[in-house]
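Index from 1, following the sequence.
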Amino acid sequence: GSGDGQGQILQRFPEKDWEDNPFPQGIELFCQPSGWQLFTERNPPTFFVAVLTDINSERHYCACFTFWEAIESVQPQSHPRNGEEEEEEPSSPVQPTQLFAPKSLVLVSRLDHAEVFRNSLGLIYTIYVDGLSVSLENVIGNLLTCTIPITGGAQ
C-alpha cells in the first residue's frame, strides 16, 4: 500500500503497570510523530527526549531511540484487464523491493538524565542488532538496579 501503518507495542518492561507509574497510553503514536512509514533506504538511528506531563502535573521524560529494520516487500504483479487474456511473456521472477520499517526503543522516567537514557537505549540496541544471546529482561533489570550504600556502614 502507501507504506503508512500504525505502531504496535511488541514488548514492554514491566509487563504490568506499577501503581505509582502507569504505562503512558498512546506511546506508540508519540514515538513516530510523523507516522509509521516505510522507507526505501535505511535511515540512521535517531534519539530524542520529550517531556510528557500527566494529569497530576508530574513530568515523565520519554527517551526514544528509533532505528530501521529491513523487511521484504513484493511488488504487485500485473493482472489481465476486462476479461482479456494477458499476452504471453517470458516468465520473470518478481523482484522484491527492499523496504525499511522503523522500530523504537522507549525509556520513560521521572528523572531527567538524557545522556544516561541515550547510553542505556544504545546498549539495548547493540545487543539486539548484534543478536547477542543475552536476555533483554536481564539487561534491563541490571540497568535499573543499583546498590545504595548505607551512610557510615557497609553496602
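- Between L123 and L143, the shortest heavy-atom distance links the atoms CD2-CD2, 4.1 Å.
- Heavy atoms from other residues, nucleotides or ligands lying under 6.0 Å from CZ of R59 number 12 at most.
- Taking the six-membered ring for Trp and thresholds of 30 and 60 degrees, F39 and W68 have ring planes more than 60 degrees apart, a perpendicular arrangement.
- Put simply, OG on S120 and CG on N142 are 11.5 Å apart, with the number rounded to the nearest 0.5 Å.
- I124 contributes atom CD1, which lies 11.5 Å from atom CG of N119 (distance to the nearest 0.5 angstrom).
- Cluster membership for L52 and F48, using ILVMFWY side-chain heavy atoms within less than 4.5 angstrom, is shared.
- When all heavy atoms of A63 and F117 are compared, the pair lying nearest together is CB-CB, 3.5 Å.
- Here CG of L111 is found 8.5 Å from OH of Y61. Values are rounded to the nearest 0.5 Å.
- Rounded to the nearest 0.5 angstrom, E41 CD and Q98 CD are separated by 11.5 Å.
- Note that CG of L105 is 8.0 Å distant from OG1 of T66, once rounded to the nearest 0.5 Å.
- Residues V51 and H60 form no side-chain contact, since every pair of their non-hydrogen atoms from C-beta on lies 4.5 Å or further apart.
- F65 and P45 make their closest contact through CZ-CB, 3.7 Å (heavy atoms, listed as atom of the first residue, atom of the second, distance).
- Linking ILVMFWY side-chain heavy atoms closer than 4.5 Å, directly or via other members, places V139 and F67 in a single hydrophobic cluster.
- Heavy-atom minimum distance, L107 versus S109: CD2-CB, 4.0 Å.
- With hydrogens and angles ignored, the 3.5 Å screen pairs no side-chain donor or acceptor of W36 with any backbone N or O of K103.
- Between D54 and R110 no salt bridge is recorded (no basic side-chain N to carboxylate O distance below 4.0 Å).
- Residues E28 and G7 come closest through the heavy atom pair CG-O, 3.8 Å.
- We find the CD1-CD1 distance between I9 and I27 to be 8.0 Å, quoted to the nearest 0.5 Å.
- Linking ILVMFWY residues whenever their side-chain heavy atoms come closer than 4.5 Å, directly or via other members, leaves V49 and V116 in distinct clusters.
- In this structure the side chain of Y128 never reaches within 4.5 angstrom of the side chain of D130, judged on heavy atoms.
- Closest non-hydrogen pair, F100 versus T40, comes out as CE1-O, 3.6 Å.
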